[in-house]
Structures are given as structure tokens and as C-alpha cells.
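To start, the structure under review is shown below, and the notes come after it.
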Amino acid sequence: MRVRFAPSPTGDLHLGGARTALMNYAFTKAHSNGKFILRIEDTDQERSSRASEEAISKALKACGILWDEGPDCGGALGPYRQSERLDIYKNHIDTLLENRKAYRCFFTDDELAQMKETSGQKIFRLPDTYRSLTQDAAQNLVDQGKPYTIRLDVSQCASEYTFKDMLKDSVVLPSLMVDDFVIYRSNGFPTYNFAAAVDDHLMEMTHVIRGEEHLSNTLRQLMVYDAFDWVPPTFLHMPLIMGRDAEGNPSKLSKRHGDVSVLTFLEKGVLPEAFTNYLLTLGYTYPNNVEMYSLDELISGFDLQYFSKSAAFWDIKKLYWYNTEYLKQMSDDDFFDLAKKYLTPETVPENFYNALETFKACIVYYKAHIELLSELPEHLALFFDPAQELSNESKTYLSDAENAEAFWRVQDALLELIRPDCVFSEVLNQVKEKTGLKGKRLFMSIRVALTNASSGPELSEIVDRVPTDWLLTRLRAFNRES
RNA sequence: GACCCUAUCGUCUAGCCUGGUCCAGGACACUACCCUUUCAAGGUAGUAACACGGGUUCAAAUCCCGUUGGGGUCGCCA
């Protein structure tokens, strides 16, 4: 069994691609002799880049996907970059030309556009002009230097193609769906449908697993297989991942729905395990109502029956839920180590950064309180931010007159009581005495006064760790006018 | 528009093949309560779905037909 993931390196790996790669990988590894191949489809010279290829490799590895053959590690049926296989495509094109299964088409873009417009037909079909041209006449035009593309002669194909998709009943695709399509560009590069079919055959792919948007490409590729008398692989078209635009209209998930780059999510602090776990739940159900599982666990019980047939919507809240769950499962030490990557001299002040170890317990508190690791610096601001003015949540708390009245009394008391080496329990008792306050109003007043926030770790944790002068700076910054 | 795919809570889905155990189960989200002198987390409970219309059958979410809805594709992009 041999399957591939074949991205075109025109940007980061996106969510849909990651899901396709994950499923291909799982499908292969669920079989003892399965080989997973990475093929780079860089036939679009303008948009492809080596940087994108590297970004995609990085994202795949981060998701735990490793390939047996690919451009970096080689393999028996390479090369694995389509731009390095140009002579192979050329040979196959020549065969088709000789057999008259394909022909040179000399129409320019303008001519094509004009014919389409003036044809008046609902579906435009190319005229016979170049399809029926003799070899000599065509050669003549080539010699004159006229640019041309090479098109597959679809009129020679069967009237319909039937194939068995692993997820569906037989799919019947009428050949009328497509006109003679370009398989070879005027710049000497093959097009996707041609290169993919040739490569899948030459690289001996047994299965092709991809998104449902490729269903109509399957027809074209089947036609290429047919032209060469090759036996096509088995196909599986997965339901799409959908997004909603601002108006709530659904469509295939893409950039306009927000972040779709795998690397961006990982950089923001989504754990790879959480990310892959969520992606794996879209269009596939792990049996027995189990929600949390690893890629390996999915592989060990992998079965086509668990695929669903309809599209699934991308739900970022559920992704974050998974992330929170995985975060909570981490050990304190592991979490702290990970947190340090987000608490750098760039994201937190130097004096706090240098005291990171002191605050370990407070930082670990956030294990169960954040969705994304990248939120950490802003949450921790209550420890180190001198806070020149009241935060919005503080203002909200103080918008209640009674709250505000208590708050200013507490602030006065704290200003007197907070001094070096003070112990929170003592300060608390003295504030209680001085102000006569108790309960929620007392604690919230102290919390807001000292942290400029209405939530956070235990007050004692904060007061006993944060240097006194940090606390005083903040206390002095607040006054009744603000 | 043509062709193809698809249809269970707001969302991800179980159940459908092998009709009855389903006045439809789980999870996310949401709401309420408990816990808690903060916010969360945790615990408990709750709201919420078989697209519609015809068949077949003693019986249909489950089988058949049609309608409607949604999506995808229609490039010298992949």
C-alpha cells in the first residue's frame, strides 16, 4: 500500500491540508506495509517557493507526520518534486501526441475569451480547429514559433467514467462535464491533472485520499489514466471543512475565515496534540464516545466506517477546549518550561523576567485558566505592570458606588500598611480592623487595589511574591479622579 | 446554469447497512445551581435535532421515490 500527500508549496500548510495529510498518514500506518510519500507539486512556477516547502515540512513534522519517501529523504521512485520531473512529463506528452490522444492547441487567451463570448452556447465547447489538424500542419505552426498548449482529446474518451469511492457508492461522472483540457502549458510545464496522474501511476500509488473539491478533477485524471491504458488507484474523497463568513454564509474554509495556517496556531500556543486531536474529529469519529485520543491511538483502530460523508464546520472554540484539556493534563514542570517560551524579555519586563522562578506557582495557576499560551504575558501583567491607570475590569468593579467607597478606604489603609517584608495575613487583619469591612467587598477591594484586576491567583500568593515597591507604585498611581 | 457530492441539537457527531430496545445518546457552546470571601477549574442539572412530502410496513431517524436546502467544480491554480 502506497499513499501520498501532495501539497503545492504556495504558502503555509493550512488546516484542510493538515487534515488531509493526517488522514492519509493514518490510513497508511494502519496497514503494516504502508508507505507514506510526500510529493511537492510545484508546477506553478510563480507561486511556488522553497520557503513554503520548508514551512509545510515543518508543520507536518510538528503534527507528528513523518514520510517514508520525499524530496528531502529520497526514495526509489523519485524525484519527489514535480519541477524535477519535467523530462518524465515531456516523454509522456510525446507518447500521447504520437497516439493522437492529445493535440497542440494554438488558440490565444484572447481568441478563447472571444469565442466563449460570441458562442452564445450555455456551455462553451472548443471547436475542432486544432483537434483535427494534421501533424504536419501543426508542426508548421510550431516552426513559425507560435505558442501552444497541449490538450487532451476528450472526444476519444468514454462517455462516462465510473469509479468506486471508498466513502460513497459508485460515482458516475459524465465526460460531458469537461472539455479538452490543457495538460501541458505553453511554458513547458505540465498542469496539475496531468502531472498528478502521471506521478501517481509512476510512483505506484495504490490509494488517493483527498478533499471532496477534487471530485471533478478525478474525472480528468481518470481520462489521463485511460489515455495511457493505466489502472487508476482507489480514491477516497473526504468531506470538506467549512467556515462561515461575516454574513454567516458557509463555504470551504479559507483565509477569509481567519487564521488557517497550522504554524500560526502552533505559535500562538496551541499544543500539537490538541491541534491534531481536534482536526481528527472533523469528519471522522473515534468510537465509543472517546473525545481525547492521539494520532497513534486513532491509527490503531482506524477504519473507513468511522468517516462521515458530510462537511464539517471549523469551530475554534472546540479547538481551544481541546487545548485547555491538554494543558490541564500537563505536569507543573512541563507547563512551566513551556510557559517560559512565551515569557521572554520581549513579552515581559526585565525585572519580572529575572524573577520568573519566584513566580512559578503563580504561573502554573494559569494552566487551567488559559486557552492559548500566548495569553500568558497579558494575564501576568497583574504581577509586574505598574499600571498607571485603572483597567477596564477595575473600572467596572468600581462603577458600583458601594464598591468604590470601600475600595478607596481600603486603598488608604494599604498605603499605610504595605511595607517591606509585610505578611499578607497580617495586612489583611489590619485592613479589616481599620476599615471595618469584611467578606467579598473587602477581598475584592484589596485585589483590585493591588493587582488592578478582578481575578487571578490567591491574593496571598500575589502579595507575598510581588516586591513591595511594585505594589506601592501601583497603589499610588490610583486616585479618586481616575 | 450544468454536473457531482451531501442532509440528526447552534456546532462536531452516535444511531441508519442488519426497521421495533430512540418521545433519539455523547461532546463543544449556552443557561441554572453547588463548590469557592476573586476569576476560573471541578460537580450537578437543564434548553436544544431526525429538512419537507409521498410511499413500503403492524411498525421508519433507519428502506424506496420526489422536493427543498447546503456545498463543490466548471483556469495555461492545485
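To find a chain, count down the sequence lines: A is the first, B the second, and so on, and within it residues start at 1.
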Pair A/D199 + A/R4, salt bridge at N-O below 4.0 Å = no

Let me have a per-nucleotide readout for nucleotides 3-12 of chain B, 5' to 3', with B, S or -, counting only protein heavy atoms under 4.0 Å.
-> SSSSS---SB

Indicate the atoms forming the closest heavy-atom contact of A/Y80 with A/P71, along with that distance.
-> CB-N, 3.6 Å

Establish, for the pair A/R244 and A/F313, whether the NZ or CZ atom is under 6.0 angstrom from the six-membered ring centre and no further than 45 degrees off its axis.
-> yes

Quick one: is the NZ or CZ of A/K317 closer than 6.0 Å to the six-membered ring centre of A/Y320, and within 45° of its axis?
-> no

Taking CZ from A/R125 and P from B/C74, how many angstroms apart are they, rounded to a whole number?
-> 15 Å

Base-pairing mate for B/G53 - Watson-Crick or G-U, with both contacts under 3.5 Å | B/C65

Presence of A/S454 side-chain N/O under 4.0 Å of B/U38 phosphate oxygens OP1/OP2 | no

Taking the six-membered ring for Trp, are the ring centroids of A/Y192 and A/H214 within less than 6.0 Å of each other?
-> yes

With C1' as the reference atom in both, quote the distance from B/G26 to B/C39 in angstrom, rounded to an integer.
-> 29 Å

What distance, rounded to whole Å, do you find between the two C1' atoms, one in B/A61 and one in B/G25?
-> 13 Å

Would you indicate whether A/Q329, at its atom CD, is surrounded by more than 12 heavy atoms from other residues, nucleotides or ligands within a distance under 6.0 Å?
-> yes

Please state whether the base of B/C39 and the side chain of A/Y365 form at least one donor-acceptor pair under 3.5 Å?
-> yes

May I ask which nucleotide in the shown strands pairs with B/A60, Watson-Crick or G-U wobble, both distances under 3.5 Å?
-> none

When rounded to the nearest Å, what value does the distance between C1' atoms of B/A7 and B/G53 take?
-> 15 Å

Select base, sugar-phosphate, or nothing to describe what A/K252 touches, counting heavy atoms under 4.0 Å on all strands.
-> sugar-phosphate

Whole-Å C1' distance, B/C63 and B/A2 = 31 Å

C1'-based separation of B/U57 from B/G20 [nearest Å] | 11 Å

Do the ring centers of A/F302 and A/Y284 come within less than 6.0 Å of each other?
-> yes

Do A/N288 and B/A14 have a side chain to base donor-acceptor pair shorter than 3.5 Å?
-> no

In whole angstrom, give the distance that lies between atom CZ of A/R447 and atom P of B/U36.
-> 16 Å

A/K328 side chain near B/G42 phosphate (N/O to OP1/OP2, under 4.0 Å) = yes

Does A/T43 place a side-chain N or O at less than 4.0 Å from the phosphate oxygens OP1/OP2 of B/A78?
-> yes

In whole Å, what separates the C1' atom of B/C28 from that of B/U68?
-> 29 Å

Under 3.5 Å on both distances, the Watson-Crick or G-U partner of B/A27 | B/U11

Looking at the side chain of A/L240, which of B/A78, B/G71, B/C39 is the nearest nucleotide?
-> B/G71

Protein-nucleotide distance (A/Q329, atom CD; B/G42, atom C1'), rounded to Å | 15 Å

CG of A/L428 versus P of B/U38: gap in Å, rounded?
-> 13 Å

Could you state the CZ-P distance from A/R4 to B/A78, rounded to the nearest angstrom?
-> 14 Å

Within the modelled atom types, does a donor on one side and an acceptor on the other bring the side chain of A/T191 and the base of B/C76 under 3.5 Å apart?
-> no

Should B/A2 form a Watson-Crick or G-U wobble pair with both distances under 3.5 Å, which nucleotide is its partner?
-> B/U73

Please work out if A/D165 contacts a base, only the sugar-phosphate, or nothing of the nucleic acid, heavy-atom cut-off 4.0 Å.
-> nothing

If we take the C1' atom in both B/G69 and B/A27, what is their distance in whole Å?
-> 26 Å

Quick note, A/H214 side chain, CB onward, closest among B/A78, B/A27, B/C39 is B/A78

First of A/Y322 and A/R441 reached from the 5' end of RNA chain B, by closest nucleotide = A/Y322

Rounded to whole angstrom units, what separation is found between the OH atom of A/Y306 and the P atom of B/C17?
-> 17 Å

Residue matched to B/U36 through Watson-Crick or wobble contacts both under 3.5 angstrom | none

On RNA chain B, nearest-nucleotide positions of A/E325 versus A/E458: which is more 5'?
-> A/E458

A/M23 versus A/M238: any side-chain heavy-atom pair under 4.5 Å?
-> yes

Nearest-Å distance once atom C1' is located in both B/A24 and B/C9 | 10 Å

Can you tell me the distance, in whole Å, between the CZ atom of A/R210 and the P atom of B/U73?
-> 13 Å

Can you see which heavy atom on A/R131 is nearest to which on A/D153, and at what distance?
-> CD-OD1, 3.2 Å

Quick one: label A/S251 by what it contacts on the DNA or RNA (base, sugar-phosphate, nothing), any heavy atom closer than 4.0 Å.
-> sugar-phosphate

Indicate, with yes or no, if the rings of A/Y130 and A/F107 have centres closer together than 6.0 Å.
-> yes

At under 4.0 Å between heavy atoms, what does A/S455 touch on the DNA or RNA strands: base, sugar-phosphate, or nothing?
-> base

Find the distance A/N187:CG to B/C76:P and express it as a whole number of Å.
-> 12 Å

Touch check for A/T149, heavy atoms < 4.0 angstrom, all strands: base, sugar-phosphate only, or nothing?
-> base

